[in-house]
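Below you'll find the structure, written out as structure tokens, and then a few comments.
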Amino acid sequence: MSVLTLHPDQLFNLDETLSCGQVFRWDRTMDGWWYGIVGGHVIKIRQDKNRLTFTGVPASFIRRYFSLDMNIAEILASIDSDPFIHACIRRHRGLRLVRQPPWECTVSYICSTNSNIPTIRRRIASLAERYGRPVAFEGKRWYAFPEPSSISCGGHDGLTECRLGYRQSYVFGTSCLVPDEKIWEKTVRKLSYDCAHKELMGLHGVGSKAADCILLFAFQKYDAFPVDVWIRRIMQEHYLPDLTLDAPLTPREYAMIRRFAREHFGEYCGWAQEYLYAGRVG
DNA sequence: GACCAGGAAGAGT
DNA sequence: ACTCTTCATGGT
């Protein structure tokens, strides 16, 4: 077991961070331990006030994955633009955006469309179990998230048992478009927000919202502001009363909401989005 | 059984 | 560039 002691003003809440809906492969036990698998490493971690106790990866990995190197007091101050977001920040203080592996994140959000979090989690777990490399940890078998070639080499029909529904062909098609996940990641990382967004939209099953999630959670484009049905409702209720909720979200409405969020919350509006989402009811 | 879920693609206009 | 329809699955 390793221990990492947080600085007194180093704001971090492990529970908020892992249960807010940004990640799909972490589980909490009754006695407060979190288990997850990231980049092929099984991680076991818990937080007791300022003390993080963990095993599976070095401290440098933990620091990077949980963005502990970022001064979130400054970020929270910058997005704290009104009473509502202020209340969200206070309620979920210490929530940090993590740095997800981009390929896994991409497939996760392809699998997320028109779905809910428990179902998404089951799909990702199913993909890993079917195609991922097994990893032994505490006498149990875990599965790394598979590379694109591992998914595509089984053929389109190999995916059927993962029960992705109509997303099956999207996952297969996108896996074929990304021969090497490391090269792909490097390419996207060099791009500006706009270019990266267009690039991601070129993948099967990745639209505007999924692209924004991938940019925010995996590429640290903190000005991305994903708009899903929850965020749309929250924005209508608290910021944009003229929005209508009865019709499907159009590309124009999406762009308008995103533009408003950037102006209102600033360059870290993606962090604001996650604090708003964390406070959703339902 | 209707309705909803961290939407997107394709066809038609 | 817009609108409408369809898409497969699981939960409530």
Side-chain angles (χ1 to χ4, degrees), chain A residues 16-26 88 92 95-98 100 102 104-127 129-130 156-177 197-219 221-238 243-259 261 269-282:
Chain A
E16 291 286 352
T17 299
L18 291 179
S19 58
C20 72
Q22 63 179 320
V23 290
F24 302 107
R25 300 199 73 201
W26 285 91
C88 294
H92 302 284
L95 189 168
R96 287 177 186 253
L97 292 181
V98 307
Q100 294 189 36
E104 175 178 343
C105 185
T106 299
V107 177
S108 298
Y109 283 93
I110 289 174
C111 291
S112 78
T113 65
N114 201 14
S115 192
N116 53 51
I117 290 176
T119 305
I120 301 162
R121 292 173 60 92
R122 194 168 33 252
R123 290 183 184 133
I124 304 306
S126 178
L127 280 168
E129 195 170 335
R130 172 89 171 74
H156 179 273
D157 294 341
L159 280 163
T160 303
E161 66 183 62
C162 295
R163 309 184 67 76
L164 307 181
Y166 62 83
R167 306 155 196 86
Q168 173 175 347
S169 54
Y170 298 157
V171 170
F172 179 73
T174 291
S175 297
C176 294
L177 284 177
H197 195 267
K198 277 179 197 154
E199 179 71 21
L200 293 176
M201 294 261 293
L203 301 173
H204 297 282
V206 179
S208 208
K209 187 267 173 183
D212 277 328
C213 286
I214 298 161
L215 290 173
L216 183 59
F217 301 138
F219 289 102
K221 300 291 190 191
Y222 296 133
D223 53 338
F225 192 84
V227 180
D228 64 5
V229 291
W230 298 102
I231 291 297
R232 183 192 191 193
R233 278 199 282 265
I234 292 167
M235 295 302 284
Q236 192 278 332
E237 186 175 352
H238 297 280
L243 282 180
T244 58
L245 300 178
D246 47 333
L249 184 66
T250 66
R252 198 173 54 246
E253 279 178 312
Y254 190 101
M256 187 271 282
I257 295 171
R258 186 167 62 184
R259 196 159 47 242
C269 60
W271 286 74
Q273 192 270 8
E274 211 52 18
Y275 275 82
L276 294 173
Y277 187 77
R280 74 197 181 281
V281 280

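All of these numbers come straight from a predicted model, not from anything done at the bench.
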(message) So A:P102 and A:F219, do their side chains get closer than 4.5 Å, heavy atoms only?
(response) yes
(message) Taking any heavy-atom pair under 4.0 Å as a contact, classify A:L203: base, sugar-phosphate, or nothing.
(response) sugar-phosphate
(message) Ignoring hydrogens and geometry beyond distance, is the side chain of A:Y170 in donor-acceptor contact with the base of B:dG7 at under 3.5 Å?
(response) no
(request) In whole angstrom, give me the gap between the P atoms of C:dT6 and B:dA2. (result) 16 Å
(message) Can you confirm whether A:Y254 sits close enough to A:R259 that some side-chain heavy atom of one is under 4.5 Å from a side-chain heavy atom of the other?
(response) no
(message) Is the shortest side-chain heavy-atom distance between A:F217 and A:V98 below 4.5 Å?
(response) no
(request) Name the first nucleotide and the last nucleotide along DNA chain C (5' to 3') that come under 4.0 Å of a heavy atom in chain A. (result) C:dC2 to C:dG11
(message) Within the 4.5 Å heavy-atom criterion, are A:R123 and A:S108 side-chain neighbours or not?
(response) no
(message) Base, sugar-phosphate or nothing for A:V227? Non-hydrogen atoms, less than 4.0 Å.
(response) nothing
(message) Looking at every heavy atom in both A:L127 and A:C111, which two are closest together, and how far apart are they?
(response) CD1-SG, 4.2 Å
(message) Tell me whether A:S126 contacts the main-chain N or O of A:R122 through its side chain, where contact means a donor paired with an acceptor under 3.5 Å.
(response) no
At a cut-off of 3.5 Å, list every protein nitrogen or oxygen paired with a nitrogen or oxygen from nucleotides 3-5 of chain B, distance to 0.1 Å.
unit_1 : atom_1 : unit_2 : atom_2 : d
B:dA5  : OP1    : A:R233 : NH1    : 3.2
B:dA5  : OP1    : A:R233 : NH2    : 2.6
B:dA5  : O3'    : A:S115 : O      : 2.6
B:dA5  : N7     : A:N114 : OD1    : 3.0
B:dA5  : N3     : A:N114 : O      : 3.4

(request) Tell me, please, which residues at least two apart from A:F24 pass ring-ring contact (aromatic ring centres under 6.0 Å, His included). (result) A:Y109
Atom pairs under 3.5 Å, N or O on each side, protein against nucleotides 10-13 of chain B: can you list them with distances?
none

(message) A:N114: which residues meet the side-chain contact (heavy atoms from CB on, under 4.5 Å) condition with it, sequence neighbours left out?
(response) A:Y166, A:R167
(request) For A:M201 and B:dA8, give me the distance from atom CE to atom C1', rounded to whole Å. (result) 9 Å
(message) Quick one, A:M235 and A:L276 - any side-chain contact, counting heavy atoms below 4.5 Å?
(response) yes
(request) Identify, residue by residue, the members of residues 16-23 of chain A with a heavy atom below 4.0 Å from DNA chain C, and return them in order of residue number, or none. (result) none
(message) Run the side chain to side chain contact (heavy atoms under 4.5 Å, CB included) test on A:I110 and A:T174 for me, step by step, so that the C-alpha distance in whole Å, both residues' side-chain angles and the decisive distance to 0.1 Å come before the verdict.
(response) CA-CA 9 Å; A:I110 289 174; A:T174 291; 3.7 Å; yes
(message) Between B:dA9 and C:dG10, how far apart are the two C1' atoms, rounded to whole Å?
(response) 22 Å
(request) Could you tell me the separation between the CD atom of A:Q168 and the C1' atom of B:dA8, rounded to a whole number of Å? (result) 16 Å
(request) Check DNA chain B against residues 244-254 of chain A and give the residues with a non-hydrogen atom under 4.0 Å, in numerical order. (result) none
(request) Please identify each residue that fulfils salt bridge (Lys or Arg N to Asp or Glu O under 4.0 Å) with A:R130, with sequence neighbours left out. (result) A:E161
(message) If the condition is side-chain contact (heavy atoms from CB on, under 4.5 Å), which residues does A:E253 pass it with, not counting sequence neighbours?
(response) A:R232, A:L243, A:T244, A:L249, A:T250
(request) Could you check if a side-chain atom of A:C20 sits within less than 4.5 angstrom of a side-chain atom of A:E274, using non-hydrogen atoms only? (result) yes
(request) Output all residues satisfying side chain to side chain donor-acceptor pair (under 3.5 Å) with A:Q22, sequence neighbours left out; order by chain, then residue number. (result) none
(request) Not counting sequence neighbours, which residues clear side-chain contact (heavy atoms from CB on, under 4.5 Å) with A:A224? List them please. (result) A:Y193, A:D212, A:L215, A:L216
(request) Only counting residues at least two apart or in another chain, list the ones meeting side chain to side chain donor-acceptor pair (under 3.5 Å) with A:R121. (result) A:D27
